[in-house]
Number of protein chains: 2
Amino acid sequence: MNKAAVPRYKVIKQYIRDNIEGGSWPVSSRVPSENQLCEQFSVSRMTARKAVDELTQEGLLVRSQGLGTFVAELQPQSPLLEVRNIADEIHERGHNHSSEVLSLEEIPASETVAISLELPETSPVFHSIIIHYDNGRPLQREERYVNPRFAPDYLKQDFRVQTPSAYLSRVAALTAATHVVEAVLPTQDIADSLVMESHAPCLRIIRRSWCDKGVVSLAKLIHPGDRYRLGGHLSFT
Amino acid sequence: MNKAAVPRYKVIKQYIRDNIEGGSWPVSSRVPSENQLCEQFSVSRMTARKAVDELTQEGLLVRSQGLGTFVAELQPQSPLLEVRNIADEIHERGHNHSSEVLSLEEIPASETVAISLELPETSPVFHSIIIHYDNGRPLQREERYVNPRFAPDYLKQDFRVQTPSAYLSRVAALTAATHVVEAVLPTQDIADSLVMESHAPCLRIIRRSWCDKGVVSLAKLIHPGDRYRLGGHLSFT
DNA sequence: AATTTATTCTTGTATATACAGGATTATACA
DNA sequence: TGTATAATCCTGTATATACAAGAATAAATT
C-alpha cells in the first residue's frame with residue numbers, strides 16, 4: 001500500500017511555496033533549477049518541471065529560458081487570498097477585526113438569486129448578512145448566497161474568524177469569479193448598519209464565484225472611504 | 001529547416017479554442033480524449049495532454065477522471081478580454097462607441113506614478129486621458145500611465161478604435177493585475193467632462209497590470225449609474 | 001587586449017512507455 | 001432477473017530520454 005497519497009509534484013510545489021512565502025527565497029532570487037529539484041527529491045525532470053510549471057501559471061514564479069526560474073517580482077496574492085478586500089488586509093496586519101452576523105438562514109431562492117446561482121426558483125439556498133468591523137468601526141456589509149451543494153454545513157460554521165482563507169476552505173475550491181462594481185447611495189437601513197450618512201457614496205460589489213460544483217453569489221457594501229482590492233493572475237496566450 | 005516554429009501543443013490548443021469559441025463544441029460537451037487528439041495530430045499523449053492541461057488551467061475546459069474532458073459550463077471571458085468594463089461590452093454589442101482624447105503626451109513621472117510603475121522619479125512615461133462615449137453619452141474617463149518599455153509607439157497609436165483587445169495587443173501581454181476600487185465624489189472638472197452632477201457618486205478604479213516587462217497603471221472614473229465588470233480565472237491549489 | 005568560439009547550464013519541446021484510479025459498460029454468474 | 005465481476009476507456013501520475021534554443025562563462029584565437 002502506498003504510504004503517501006499526495007503526488008510527488010505537489011510535494012515539490014508546496015516546498016517551493018513554503019520557501020517563498022516563508023521568506024527564505026526573496027523576490028527576484030533564483031529558485032533551484034529543474035535538475036537540482038529532481039535530484040533533491042529523487043524524481044524525474046518532468047515531475048519537477050510540472051511543479052514549477054503550475055507555480056509559474058499561478059504567477060508565483062517566472063521562467064527565463066537559458067537563465068533559470070525566479071521568484072516573481074510582483075507576486076499575486078496567495079491563491080487562497082486571490083480575492084480579498086481591505087478589511088481582510090487589516091485583519092492580517094493584526095488589527096482587531098470582528099464580525100456581527102445579522103442574519104443566517106436557509107431561504108427559498110428568489111427569482112434573481114435563482115438565476116444568479118443557476119438553481120430552480122424557490123430551491124433552498126443559504127443566506128447570510130455579516131457586518132465586518134475594524135476596532136469597532138463598521139467596514140463592510142456582506143451578503144452571501146451560497147449553493148448548498150458547496151457547503152452543506154454552511155449554517156453551522158463559526159463566523160468569529162472570517163479570514164478569506166477560512167471562508168474559502170469552508171466553501172469549496174472556487175476557480176473563477178466575476179465582479180460587478182458600482183457606486184451607490186445606501187438605503188437608510190444599510191446606512192444605519194454601516195454607521196454612515198446616507199448621502200455618502202459607498203461601493204457595491206456583486207461577486208459570482210464558481211467551480212464545477214456550482215455558484216456562490218456575494219454582495220458587498222463597502223463603507224465610504226474604504227477601498228476594495230482585487231488581484232489575480234490573468235492568463236494570456 | 002523547420003517550417004513551423006509554432007510548438008505542436010500550441011497548435012492543438014488553438015484548434016480546441018477555435019472549436020469552442022466558434023461554437024462547434026457547445027458548453028458541457030465532451031472534447032476529444034487525449035488519445036484521440038494525439039492520433040489526430042500525430043503527437044504523443046504528453047504533448048496532447050499539455051494542450052488540454054493549459055486550457056484547463058485557463059478555465060476553458062474541465063477534466064474529470066474516468067469520464068473525459070468537457071467544455072467548461074461557465075467560461076471565463078476570452079483571455080484578452082479578461083479585464084473589461086461595461087463600455088467595452090456595449091461596444092461589442094454594436095452600440096455607437098466613441099472616444100475623445102483629452103491628453104496624450106510624454107511626461108516625467110511624478111512621485112506617485114514612479115512608485116506605481118516601479119520606475120525612477122522623473123523618468124519619461126506615457127500619459128493619456130480618454131473619455132469614452134456611448135451614443136454621445138459620456139461613460140468613462142480613463143487615465144493611463146504606460147511604461148515606455150511596454151509600447152514604444154504608444155503615442156502614435158490610433159485611438160479611434162478602443163476595444164480592449166486592440167489596447168492589449170498594442171501594449172503587451174499582461175499577465176497579472178490588481179484593482180483597487182472606491183466610490184468617490186468627483187471634482188468639478190471631472191464632473192464636467194463626464195457631464196454629471198458633482199454630488200453623484202462615481203466609481204474610481206486604479207488598475208495595475210504587469211508582466212516581466214514592467215507595469216502599466218490605469219485610473220478610471222465611471223459615470224454614475226454605470227458599472228464595472230471584472231472577470232477571470234482564479235487558480236487554486 | 002580584444003574578439004571570436006566553444007562549453008556549460010538553463011529552460012522549452014517532444015516522444016514512448018508504464019501503471020494507478022475513477023467511471024461506464026459489457027459479461028458472467030447465481 | 002438481479003448481482004457481482006470483468007473489460008474498457010478515460011484522466012492522473014511518473015519515468016527516462018532526447019534534442020533545441022537562450023544566456024552566461026570559459027577558452028581559444030587573432
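Chain letters run A, B, ... following the sequence lines, proteins first and then strands; every chain starts at 1.
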Of C:dT24, C:dT11, D:dA23, the nucleotide closest to the side chain of B:Leu67 is C:dT24

Go through the structure and list residues passing side-chain hydrogen bond (donor to acceptor under 3.5 Å, both in side chains) with B:Thr69, not counting sequence neighbours.
none

Which residues satisfy the side chain to side chain contact (heavy atoms under 4.5 Å, CB included) test with A:Asp18, sequence neighbours excluded?
A:Gln14

Residues forming a salt bridge (charged side-chain N to carboxylate O under 4.0 Å, His left out) with B:Glu143, sequence neighbours excluded:
B:Arg141

Restricting to ring pair (Phe, Tyr, Trp, His ring centres under 6.0 Å), what partner residues turn up for B:Tyr9, sequence neighbours left out?
none

Can you sort out the partners of A:Ser29 under side chain to side chain contact (heavy atoms under 4.5 Å, CB included), two or more places apart, ordered by chain and number?
A:Trp25, A:Pro26, A:Val71

d(CG, B:Asn35; P, C:dA18) in whole Å:
14 Å

Quick check on DNA chain D: between A:Gly66 and B:Thr69, whose nearest nucleotide comes earlier from the 5' end?
B:Thr69

Where does the angle between the aromatic ring planes of B:Tyr145 and B:His127 fall among parallel (under 30°), tilted (30 to 60°) and perpendicular (over 60°)?
parallel

Less than 4.5 Å apart, any side-chain heavy atom of B:Gln40 and any of B:Ile12?
no

Any chance you could measure A:Leu61, atom CG, to A:Arg17, atom CZ, to the nearest 0.5 Å?
9.5 Å

Take nucleotides 12-17 of chain D nucleotide by nucleotide from the 5' end and write B, S or -, depending on whether a protein heavy atom sits under 4.0 Å from the base, only from the sugar-phosphate, or from neither.
BBBBBB

Got a sec, which residues hit side chain to side chain contact (heavy atoms under 4.5 Å, CB included) with A:Ser44, two or more places apart in sequence or on another chain?
A:Met46, A:Thr47

Identify each atom pair where a protein N or O and an N or O of nucleotides 3-8 of chain C are less than 3.5 Å apart, giving names and distance.
none

Measure all distances between protein nitrogen or oxygen atoms and nitrogen or oxygen atoms of nucleotides 3-6 of chain D, and list the pairs falling under 3.5 Å.
none

Calculate the interatomic distance between B:Arg30 atom CZ and C:dG22 atom P; express it in whole Å.
19 Å

Residues in side chain to side chain contact (heavy atoms under 4.5 Å, CB included) with B:Phe70, at least two apart?
B:Arg30, B:Ser64, B:Leu67

What is the separation between atom CD on A:Gln57 and atom P on C:dG12, rounded to the nearest whole Å?
12 Å

side-chain hydrogen bond (donor to acceptor under 3.5 Å, both in side chains) partners for A:Arg49, two or more places apart
A:Glu34

